[in-house]
Amino acid sequence: LHDDENSKSIARNFISGIAEDSSGQVWVSNENGIERYNRADNSFTHFGVDRPDGTTNFTYCQILGFVAANELWFLETNTRTVNSLDTKAGKTSFIGELNADNALLYKGSAHTIHVWSSYNKGTIHQVYKDKKLIGQRTYFSGKDGFPGLPELVVSHVLQQNDSLVWLSTDNGLVKLNPLSDQ
């Protein structure tokens with residue numbers, strides 16, 4: 001638990017995500033940024049979001065996942081942006097905008113990274129390659145360009161491969177092929 005008297009305690013108690021890197025380090029996101037758990041002394045190292053003006057903000061973040069051994073992607077909900085933390089250097093960088101408070105990540109074929117928004121009406125699907133947005137599509141929002149599709153609240157996304165995605169919604173389970181939009 002957070003302890004005001006101990007600067008090495010976890011920064012906040014509301015945990016929004018947990019991930020483990022390839023070397024067994026545990027990473028946690030919360031309302032104060034990203035943290036690395038140090039097993040040796042039961043402490044935490046805190047990482048904020050680096051801003052272009054040289055400042056660092058400690059703000060609500062949600063871990064998306066590791067895209068490489070030392071590259072952790074996360075959603076920063078204040079600016080609604082996808083960012084990357086270089087876990088060796090301890091520095092963050094902007095990847096792209098995502099109008100969402102919650103999201104999930106899938107590593108696809110051909111070195112693509114898929115990010116799906118969740119806990120919103122509809123889902124935004126973004127595809128990145130080399131940290132550049134190469135595609136974006138919205139499904140089930142009521143404004144997604146697919147006449148006749150219902151507006152659904154998407155609570156969870158499981159992408160099994162490039163052509164099979166499962167969406168849990170307020171109106172049942174949806175099986176989606178994002179390559180064919182079926």
Side-chain angles (χ1 to χ4, degrees), residues 14-30 34-36 49 60-87 92-182:
F14 184 84
I15 308 303
S16 58
I18 302 171
E20 185 176 28
D21 66 22
S22 58
S23 65
Q25 293 279 342
V26 174
W27 296 82
V28 177
S29 58
N30 60 36
I34 305 290
E35 309 202 38
R36 181 183 61 230
V49 181
Y60 188 98
C61 294
Q62 183 203 358
I63 287 176
L64 298 176
F66 280 90
V67 299
N70 298 312
E71 187 177 353
L72 177 63
W73 281 25
F74 65 94
L75 179 66
E76 197 264 296
T77 63
N78 186 41
T79 59
R80 294 179 168 244
T81 58
V82 175
N83 297 272
S84 173
L85 170 64
D86 178 331
T87 60
T92 66
S93 58
F94 170 83
I95 301 293
E97 294 181 3
L98 179 64
N99 188 20
D101 293 321
N102 197 54
L104 302 142
L105 179 139
Y106 170 77
K107 291 195 286 188
S109 65
H111 304 288
T112 57
I113 305 298
H114 298 253
V115 176
W116 294 85
S117 69
S118 58
Y119 293 104
N120 294 313
K121 288 189 178 176
T123 183
I124 302 166
H125 174 221
Q126 295 183 329
V127 182
Y128 292 89
K129 186 164 185 153
D130 300 322
K131 296 186 181 181
K132 303 278 189 251
L133 181 65
I134 61 170
Q136 179 171 301
R137 184 76 162 181
T138 303
Y139 298 95
F140 304 106
S141 70
K143 304 175 219 159
D144 49 24
F146 294 105
L149 283 185
E151 182 179 88
L152 301 172
V153 175
V154 176
S155 59
H156 192 77
V157 180
L158 171 65
Q159 184 165 357
Q160 287 188 294
N161 56 49
D162 287 352
S163 63
L164 180 57
V165 179
W166 295 95
L167 307 171
S168 75
T169 77
D170 62 333
N171 200 25
L173 186 63
V174 175
K175 181 179 174 183
L176 173 68
N177 180 336
L179 298 178
S180 66
D181 289 329
Q182 298 288 317

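Side-chain contact between D101 and Y119: absent, with no pair of heavy atoms (C-beta onward) separated by less than 4.5 Å. Residues I18 and I63 form no side-chain contact, since every pair of their non-hydrogen atoms from C-beta on lies 4.5 Å or further apart. L98 places none of its side-chain heavy atoms less than 4.5 Å from the side chain of R80. Inter-residue side-chain proximity for F66 and S22 is flagged as unmet; no heavy-atom pair is nearer than 4.5 Å. Side-chain contact between V165 and Y106 is absent, with no heavy-atom pair separated by less than 4.5 Å. Side-chain contact between T92 and E76 is absent, with no heavy atoms from C-beta onward closer than 4.5 Å. A 4.5 Å side-chain heavy-atom check between W166 and K175 finds at least one atom pair inside the cut-off. Contact annotation: the side chain of L158 approaches that of Q160 to within less than 4.5 Å [non-hydrogen atoms, C-beta and beyond].
A distance-only check finds a donor-acceptor pair linking the side chain of S29 to the backbone of G17 [under 3.5 Å]. The backbone N or O of T81 sits less than 3.5 Å from a side-chain atom of N83, completing a donor-acceptor pair. Of the possible polar contacts, none joining the N171 side chain to the L152 backbone as a donor-acceptor pair under 3.5 Å is found.
Ring planes of H114 and H125: parallel class, angle under 30° (limits at 30 and 60°).
Using modelled atom types, one finds a donor on one side chain and an acceptor on the other under 3.5 Å when comparing S23 with D21. Side-chain contact of S118 with N102: a donor-acceptor pair under 3.5 Å is present, judged by distance alone.
Among residues two or more places apart in sequence or in another chain, the side chain to side chain contact (heavy atoms under 4.5 Å, CB included) test is passed with L133 by Q126, Y128, Q136. With sequence neighbours excluded, no residue forms a side-chain hydrogen bond (donor to acceptor under 3.5 Å, both in side chains) with S117. Listed by chain and number, the residues in a ring pair (Phe, Tyr, Trp, His ring centres under 6.0 Å) with F140 amount to none (sequence neighbours excluded).
Distance check: Q62 CD to L104 CG gives 6.5 Å after rounding to the nearest 0.5 Å. Separating the CD1 atom in I34 from the CH2 atom in W27 is a distance of 8.5 Å, to the nearest 0.5 Å.
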